[in-house]
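Working notes, beginning with the structure itself.
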Amino acid sequence: MDKKTVADIELSGKKVLMRVDFNVPSNEGVITDETRIQAALPTIKYILEQGAALILMSHMGRPKGEANPKFSLKIVSDRLSEILDQEVTLAPDCIGAETAALAADVKPGQILMLENTRFHAAEEGKVKTDGLSEEEAAKADIKAAQDAMAKELASYADVYVNDAFGAAHRSHASTAVVAKYSDVAVAGLLMEKELKYLGGAVQNPERPFVAIIGGAKISGKLEVTEKLVEKCDTIIIGGGMAYTFQKALGNKIGKSIHEDELMDTALRILADAKANNTNLLLPVDNKIADDWSNDANTQIVTVEEGIPDEWEGLDIGPKSMELFADAIKDAKTVVWNGPMGCFEWDNFAAGTNAICQAVADSGSISIIGGGDSVSAVNKSGLADKMSHISTGGGASLEFLEGKVLPGVACLNDK
Ligand code: AMP
């Protein structure tokens, strides 16, 4: 990696401000998945062991630029304190005089956590325009507000560390702009690991390189599909992604999820695959349902038979599972983003589970994109068979698309 990491700098006696991605899912104040906290622990422990004082900052949810107890990081500071068996003080805010005083007071080995950075509109480069006239709102200096917030955050510490891969595709005050005002800005160990796996797949994959794209966010994933078609040996398109392709090819898809306006892009991707000699696989059969429910009536139909008008495809069928598993069997690198069907419902999870099993059996370097693919892999019980499970859905997609991640670009070069 060409960016400096915490391992490249002197930390003893320093004050470190670290951006983490503690945007954990919760239900009625209870964290339902603490993967993101666990993923940040190696860097947190490393920094403390080196004798530095640690100030953590993160966003949580979408509080829309206003302090809102519903989005407080208290549940995370409490949990982190339990895990580390040490006090983690939560500041009342992430900026302001009271927080600055707490930050000034953190001693080596201690942890202060700042409150949700998105309690301020400036974090995301927005300005609250409530109560302003149209003219005033237009004049509001968005950039200056974001810069001021970033400068204030940077003033708390000697070193800025970014370990929030999941937020690295955003140019926010606490992710990228803060680095502008920090003398030293380096990557954390999680960030380094994410970039190592994803970067390896993009720049120098061991071949055969197989990409698997599924899920339902069709428009959000066609760009990465286009990029991967150029880079991989085989690309498998399944789940809700496949029906736009099937319809563009003239097959009947019933009520299945699709986007008509993307059919041209789908055809272009098919043509690109041919031109690049990339093996592009689409499902050859589907498990279809007569209702949007786990208890719907179901049938298996081939793509040639097509899906009747009132039915929709909610999983790939058994022949597709075989076809895809066969293509994955000899892979040396696999990148996977998006389930093969509505895996949340047991009756439509077989396709996704079959792919999980095939990836696990292949022994390949397997990289699982964030979001629902991670839940799917966890649900299948095969998570420990994967080489790398990314903590960032959007960020991992943008990285694979070849986009510059502002939260990485802002860090010091080696
Ligand atoms: P994404 O965020 O794009 O990875 O999409 C994940 C979601 O896609 C999951 O909630 C799945 O239930 C959903 N999904 C997968 N296949 C289908 C399908 N055939 N029809 C509708 N939704 C699907």
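Numbering of ligands and ligand atoms starts at 1, following listing order.
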Residue pair E194 / S390, side-chain donor-acceptor N/O under 3.5 Å = yes
So does D163 pair up with K193, basic N to acidic O under 4.0 Å?
-> no
Name the option, out of G313, G341, G214, A216, that contains the heavy atom nearest to atom 8 (O) of ligand 1.
-> A216
Protein heavy atom at shortest distance from atom 2 (O) of ligand 1 | K217 NZ, 2.5 Å
D147 with K151: basic N within carboxylate O range, under 4.0 Å = no
For atom 10 (O) of ligand 1, what is the nearest protein heavy atom, given as residue, atom name and distance?
-> E344 OE2, 2.4 Å
Taking only heavy atoms of Y243 into account, list the atoms of ligand 1 that are under 4.0 Å away from them.
-> 19 (N)
Got a salt bridge between K403 and E401, using NZ or NE/NH1/NH2 to carboxylate O under 4.0 Å?
-> yes
Hey, looking at atom 22 (N) of ligand 1, which of G394, A376, G240, C342 has the closest heavy atom?
-> C342
So is W345 in contact with ligand 1, going by heavy-atom distances below 4.0 Å?
-> no
Without hydrogens or angle criteria, can the side chains of S72 and E115 be said to hold a donor-acceptor pair below 3.5 Å?
-> yes
Counting from 1, what ligand 1 atoms have a heavy atom of G215 closer than 4.0 Å?
-> 1 (P), 3 (O), 4 (O), 5 (O), 6 (C), 8 (O)
Numbered atoms and elements of ligand 1 in range of G338, under 4.0 angstrom, heavy atoms | 4 (O)
Top protein contact for atom 7 (C) of ligand 1, by heavy-atom distance | D372 OD2, 3.8 Å
Establish, yes or no, whether the cationic atom of K287 lies under 6.0 Å from the six-membered ring centre of F348 and within 45° of the ring axis.
-> yes
Would you call E123-R19 a salt bridge at under 4.0 Å N-O?
-> yes
Nearest protein heavy-atom contact for atom 20 (N) of ligand 1: which residue, which atom, what distance?
-> I257 CG2, 3.5 Å
Between R79 and E82, is there a side-chain N and carboxylate O pair less than 4.0 Å apart?
-> yes
Contact with ligand 1 for K221, non-hydrogen, under 4.0 angstrom | yes
